[in-house]
Amino acid sequence: MTTVRTPADWPVTEEEARAVQDRLRTRVVRDEPGPPPGTGRVTGVDVAYDDERDVVAAAAVVLDAATLDVVAESTAVGRVPFPYVPGLLAFREIPAVLAALDALPCPPGLLVCDGYGLAHPRRFGLASHLGVLTGLPTIGVAKNPFTFTHEEPDPPRGSSSPLLAGSEEVGRALRTRHAVKPVFVSVGHRVSLDNACAHTLALAPRYRLPETTRRADALCRRALAGAAPAGHSVRGECGA
DNA sequence: GCGACAG
DNA sequence: ATCTTGTCGC
C-alpha cells in the first residue's frame, strides 16, 4: 500500500473545481470504440471513506478480461481532499485512485469506474476525468440514475434503455441480471457507449455489479480498515 | 427560494 | 459513502 499527498494545486472551492472540469472536458476522446470485451485486461477502481478520521482509501484491481481472474492489485490511502458535492465527486476520489494506479505492477488496460463519465452536469464525471488524466480507455458504471431519467428496461439480462438528460442520451440503464434493478453505464474516455455496455455485461456474469467494482470495493474497504488516522506518522511516513 | 443530487 | 439485524433464496 502507498500513501497519498493531496496535490498542492488541488481545487479548494467548488468554483475552482468546476473551472477545472470546464477546461479538461474538451480533451475527452469520443471517436474510439475501445478495446473488445473479453480481451486483455480490465481494472476496477473504487474508494472508501472515513470522514471522521479524515481518511480515504483507494483500490485498483486488475482482472484478466477473459477469465475474470485477479492479475494484480494495489491500494493507496491519504486524507480526504474534497467534500462530497454532487457533480464534483472526482475531486474527492482522484488523488487516491491515481496513487493506486501508479502502484500497479502492470498496465491496467480498460478502467472501470464506480460512477459516471459523460453522464454528468458538465459532461465530465469521474470516469471521463480519470480517462483524460491517465490517457486510458475508461467507462463509468453507477448504481443510481443521478439526476437523469430513463424508462424501465425489459426484464431480461442485457436489456437496456437510454439514460436521458432531456432528449440527449448520456448513458444507458443496463440490466445485468433478470428483473433486477439495472446499472447505469456511461462513456468515460476512448470507448463507445455500445462497447461500454458490452464490457459491463461481460464483467457481470453472475452479480448485478461488474466483478471489477466488486473486487475493488472489497479491497478498498479492507485498506480503510487497516489505515491509521490522518496526521498520524508511522515509521517516518508523514501524515500531517 | 426549495428540493434533488454519482460516491 | 456510511450507519445497521435478520431474513429470504439460490
**side chain to side chain donor-acceptor pair (under 3.5 Å) contacts in which one or both residues fall within residues 193-204 of chain A, not counting sequence neighbours** =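 Found A:Arg172-A:Asp194.
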
Using a cut-off of under 3.5 Å, enumerate the N/O to N/O pairs linking the protein to nucleotides 4-6 of chain B.
| unit_1 | atom_1 | unit_2 | atom_2 | d |
| --- | --- | --- | --- | --- |
| B:dA6 | OP2 | A:Tyr84 | OH | 3.0 |
| B:dA6 | N7 | A:Gly87 | N | 3.3 |
| B:dA6 | N6 | A:Gly87 | O | 3.1 |
| B:dA6 | N6 | A:Leu88 | N | 3.4 |
| B:dA6 | N6 | A:Leu89 | N | 3.3 |
| B:dA6 | N6 | A:His120 | NE2 | 3.4 |
| B:dA6 | N1 | A:Leu126 | N | 3.3 |
| B:dA6 | N3 | A:Tyr116 | N | 3.1 |

**Request:** Report yes or no: does A:Glu16 contribute a side-chain atom to a donor-acceptor pair with the main-chain N or O of A:Thr13 at less than 3.5 Å?
**Result:**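 Side chain of A:Glu16 to backbone of A:Thr13, a donor-acceptor pair under 3.5 Å: yes, one is there.
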
**Asked** Can you tell me if CD on A:Glu15 sees more than 12 non-hydrogen neighbours from other groups inside 6.0 Å?
**Response**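 Enclosed: over 12 neighbouring heavy atoms sit under 6.0 Å from CD of A:Glu15.
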
**Asked** Taking the hydrophobic residues Ile, Leu, Val, Met, Phe, Trp and Tyr, and joining any pair whose side-chain heavy atoms are under 4.5 Å apart, which ones share a cluster with A:Leu163?
**Response**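 Via sub-4.5 Å side-chain contacts, A:Leu163 links to A:Tyr116, A:Phe146, A:Phe148, A:Val170, A:Phe184.
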
**Message:** So, using salt bridge (Lys or Arg N to Asp or Glu O under 4.0 Å) as the criterion, who are the partners of A:Asp22 when residues are at least two apart?
**Reply:**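 A:Asp22: salt bridge (Lys or Arg N to Asp or Glu O under 4.0 Å) contacts with A:Arg25.
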
Donor-acceptor pairs under 3.5 Å, side chain of residues 54-65 of chain A to any protein atom, not counting sequence neighbours: which ones?
| unit_1 | atom_1 | unit_2 | atom_2 | d |
| --- | --- | --- | --- | --- |
| A:Asp54 | OD1 | A:Val80 | N | 3.3 |
| A:Asp54 | OD2 | A:Arg79 | NE | 3.0 |
| A:Asp54 | OD2 | A:Arg79 | NH2 | 3.4 |
| A:Asp64 | OD1 | A:Ala66 | N | 2.8 |
| A:Asp64 | OD1 | A:Thr67 | N | 3.1 |

**Request:** Please list, chain by chain and in numerical order, all residues satisfying side chain to side chain contact (heavy atoms under 4.5 Å, CB included) with A:Thr149, sequence neighbours excluded.
**Result:**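 A:Thr149: side chain to side chain contact (heavy atoms under 4.5 Å, CB included) contacts with A:Leu164.
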
**Prompt:** Which is true for A:Asp46 with a 4.0 Å heavy-atom rule: it touches a base, it touches only sugar-phosphate, or it touches nothing?
**Reply:**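 Result for A:Asp46 = sugar-phosphate.
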
**Asked** So what does A:Arg206 touch, heavy atoms closer than 4.0 Å: a base, only the sugar-phosphate, or nothing?
**Response**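 Nothing: the residue A:Arg206, judged by heavy atoms under 4.0 Å, touches no strand.
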
How many angstroms lie between atom [atom1] of [X] and atom [atom2] of [Y], to the nearest 0.5 angstrom?
X: A:Ser159; Y: A:Glu152; atom1: OG; atom2: CD; answer: 10.5 Å
X: A:Leu209; Y: A:Leu203; atom1: CG; atom2: CG; answer: 11.5 Å
X: A:Arg123; Y: A:Gln21; atom1: CZ; atom2: CD; answer: 12.0 Å

**Message:** Output the pairing pattern of DNA chain B as a dot-bracket string, 5' first, Watson-Crick or G-U wobble with both distances under 3.5 Å, | for cross-strand pairs, [ ] for crossing pairs.
**Reply:** .......

What pairs of donor and acceptor atoms, side-chain ones from residues 27-35 of chain A against any protein atom, are under 3.5 angstrom apart with sequence neighbours left out?
| unit_1 | atom_1 | unit_2 | atom_2 | d |
| --- | --- | --- | --- | --- |
| A:Glu32 | OE1 | A:Arg190 | NE | 3.0 |
| A:Glu32 | OE1 | A:Arg190 | NH2 | 3.4 |

**Complete:** Taking Watson-Crick and G-U wobble contacts under 3.5 angstrom, with | marking pairs to another strand and [ ] crossing pairs, the secondary structure of DNA chain C is written ..........

Can you give each donor-acceptor pair under 3.5 Å made by side-chain atoms of residues 40-49 of chain A, sequence neighbours left out, with the distance rounded to 0.1 Å?
| unit_1 | atom_1 | unit_2 | atom_2 | d |
| --- | --- | --- | --- | --- |
| A:Thr43 | OG1 | A:Pro108 | O | 2.7 |
| A:Tyr49 | OH | A:Glu93 | OE2 | 3.0 |

**Partner residues of A:His129 under the ring pair (Phe, Tyr, Trp, His ring centres under 6.0 Å) criterion, sequence neighbours left out** =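 Ring pair (Phe, Tyr, Trp, His ring centres under 6.0 Å) check on A:His129 returns A:Phe91, A:Phe124.
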
**Message:** Of all nucleotides in DNA chain C that come within under 4.0 Å of a heavy atom of chain A, which is furthest toward the 5' end and which toward the 3' end?
**Reply:**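 Nucleotide range with atoms under 4.0 Å of chain A: C:dA1 to C:dT2.
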
